[in-house]
K.L.:
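Quick one: the structure is below, questions incoming.
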2 protein chains.
Amino acid sequence: MKEGPDIARIAALIGEPARANMLTALMSGKALTATELAGEAGVTLQTASGHLAKLRDGDLVQVRKQGRHKYFALAHADVATTLEALMGLAAGQGALRTRTGPKDAAMRQARVCYNHLAGQMGVQMFGSLLQRGLIWQEGEALGLTEAGKGFVCDFGVDVDGLSMARAPLCRSCLDWSERRTHLAGSLGRAMLARMETLDWVRRDRDSRALLFTSRGSAAFSRAFT
Amino acid sequence: MKEGPDIARIAALIGEPARANMLTALMSGKALTATELAGEAGVTLQTASGHLAKLRDGDLVQVRKQGRHKYFALAHADVATTLEALMGLAAGQGALRTRTGPKDAAMRQARVCYNHLAGQMGVQMFGSLLQRGLIWQEGEALGLTEAGKGFVCDFGVDVDGLSMARAPLCRSCLDWSERRTHLAGSLGRAMLARMETLDWVRRDRDSRALLFTSRGSAAFSRAFT
DNA sequence: TTCATAGTTCGACCTTAACCGAAGCATTGA
DNA sequence: TCAATGCTTCGGTTAAGGTCGAACTATGAA
């Protein structure tokens, strides 16, 4: 009856609509201020403040103070993974919030997950890298091969700089729409950033969807067949 | 503000202590009656009945009627996966329900997850099978190689019978204590069942812990080095 | 200093839902 | 048919917690 970790505490934390909206918004990977999150959740600032304090207590979000702003972000990648798992369950039973909006298709094709590429394109990239022996996978563990290191360098990402940092280079993340793994970790983040620099892809103003430019779309399928 | 699947609905479903206890109990893979679940959750039968109806509505559990009993089980493996993810978060922040009990160590070493082997031993078995090329993994997809088929047959599991069924043979499942993948799916279930038949391992009466016999422990490490 | 903006705290409402007692079905067994 | 058991439904109570207005504390800018 009372074995294992206390699942109810954090599930309840996520299970409040206002807080769930905030967390969903933070899945974009961007750090948002309390006021912005209040807007996302559709509550007043006071209410949001209370919620954010609870999320903080529960170690689901992380705060950075900057001047008179407070920037909130997901505490770590595991939180994003868990949220995706929950989305998988919710989507599986066809319980999309309202009707599936026009953005839904775009979201499934490509979107930002925490800070890396997810959706069909994300899964495609992951599969391509794996098949060509540029990354290896063993259980949950994931890494870049020597060949992969070369490839990523050519792509324009500073691998050595990334591997110096203490954050894991490669991480796997389960896609809620595709139910497949895609590439997360600091490399996943860097790859997406690089694609944005190359103007392959642009972020949608007010959703997590990613819009590939026609040039980017062609280049992407050439690079990750 | 309202994009993506409705995460709050099911998180709230899980986020009620009584319901969370029931779901945790069902992680054992055993189907339990309403009365048993009421006991697990520490509520009266009426209350439990209400909770179970909600879990049913939310497609988290599955019911089978048998005589005047109603047997409840997790709806599908994805639910178990999500629960494990939540446990990972909860355990990560050191929020074990009470103090870590005496059973905690045993649980981490070996326990039943839905219906297959989890914990250190589960991860060890998975790693061994993968390294010896008996199973292959690509993204979330997982399968048995030809060599693996032979191995499993020798072990005493009827592979052909399993592959006839429509349930997936191999599935990966993330371990909350080890943070690594272990083997789920009908094969994972059959492997555990076989080990029980061989009396390598016995189930703890009232927890998810698995207790290896001394003979079984030796045989296990010989089989899955 | 004075004003404006970002965020927190307090207090009072109010909705929601968990809870159990009691009565009601349904299935089984005598 | 009658009793026993397993589960569900109903009603009323209670507790928890989300909500916002208003007052308060920072930080920054004029």
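Order of the sequence lines sets the chain letters (A, B, ...), proteins ahead of strands, with each chain counted from 1. Remember, it's a predicted structure, so these values are computed and weren't measured experimentally.
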K.L.:
Through what angle, rounded to 10 degrees, does the axis of the helix from C:dT1-D:dA30 to C:dA30-D:dT1 turn between its ends, using five pairs per end?
P.N.:
20°
K.L.:
I need the CG-P distance between B:Leu32 and D:dG6, as an integer number of Å.
P.N.:
15 Å
K.L.:
If I take atom CZ in residue B:Arg19 and atom C1' in nucleotide C:dT16, what distance separates them, rounded to the nearest angstrom?
P.N.:
12 Å
K.L.:
Taking the side chain of B:Thr35 as its heavy atoms from C-beta onward, which of D:dC20, D:dC7, C:dC19 lies nearest to it?
P.N.:
D:dC7
K.L.:
Compare side-chain N and O positions of A:His51 against OP1 and OP2 of D:dT19 and report whether any pair is under 4.0 Å apart.
P.N.:
yes
K.L.:
Listing time: all N or O pairs from protein to nucleotides 21-23 of chain D that are below 3.5 Å?
P.N.:
unit_1	atom_1	unit_2	atom_2	d
D:dG21	N7	A:Gln46	NE2	2.5

K.L.:
Could you tell me the separation between the CG atom of B:Leu52 and the P atom of C:dC19, rounded to a whole number of Å?
P.N.:
12 Å
K.L.:
Mind checking what makes salt bridge (Lys or Arg N to Asp or Glu O under 4.0 Å) contact with B:Arg202, not counting sequence neighbours?
P.N.:
B:Asp199
K.L.:
Between atom CD in B:Glu36 and atom P in D:dT5, what is the gap in whole Å?
P.N.:
16 Å
K.L.:
Taking side-chain contact (heavy atoms from CB on, under 4.5 Å) as the test, write out the residues that go with B:Glu16, two or more places apart.
P.N.:
B:Ala18, B:Arg19, B:His51
K.L.:
Whole angstroms only, please: what is the NE2-C1' distance between A:His69 and D:dA29?
P.N.:
12 Å
K.L.:
Okay, side chain of B:Ser49, backbone of B:Leu45: is any donor-acceptor separation there less than 3.5 Å?
P.N.:
no
K.L.:
Relative to the ring of B:Trp200, is the ring of B:Phe224 parallel (under 30°), tilted (30 to 60°) or perpendicular (over 60°)?
P.N.:
perpendicular
K.L.:
Who pairs with B:Arg203 by salt bridge (Lys or Arg N to Asp or Glu O under 4.0 Å), at least two apart in sequence or on another chain?
P.N.:
B:Glu196
K.L.:
Of all residues at least two apart in sequence or in a different chain, which pass the side-chain contact (heavy atoms from CB on, under 4.5 Å) check with B:Arg194?
P.N.:
B:Phe155, B:Val157, B:Thr197, B:Leu198
K.L.:
Pick the closest DNA chain C nucleotide for A:Gly50 and for B:Glu16 by heavy atoms, then say which residue is nearer the 5' end.
P.N.:
A:Gly50
K.L.:
Could you tell me the separation between the CG atom of B:Leu45 and the C1' atom of C:dA26, rounded to a whole number of Å?
P.N.:
14 Å
K.L.:
Tell me the interatomic distance from A:Lys70, atom NZ, to D:dA26, atom P, rounded to whole angstroms.
P.N.:
12 Å
K.L.:
Atom CG of A:Leu37 and atom C1' of C:dA6: how far apart are they, to the nearest Å?
P.N.:
13 Å
K.L.:
Ignoring the backbone of A:Thr47, work out which of D:dC7, C:dA18, D:dT19 is nearest its side chain.
P.N.:
D:dT19
K.L.:
Using the side-chain hydrogen bond (donor to acceptor under 3.5 Å, both in side chains) criterion, which residues pair with B:Gln62? Sequence neighbours excluded.
P.N.:
none
K.L.:
Under 4.0 Å from OP1 or OP2 of C:dT8: is there any side-chain N or O of A:Ser49 that close?
P.N.:
yes
K.L.:
Taking only residues two or more places apart in sequence, or in another chain, which ones meet B:Ala77 in a side-chain contact (heavy atoms from CB on, under 4.5 Å)?
P.N.:
B:Tyr114, B:Arg171
K.L.:
Applying salt bridge (Lys or Arg N to Asp or Glu O under 4.0 Å), can you list everything that pairs with A:Asp158, at least two apart in sequence or on another chain?
P.N.:
none
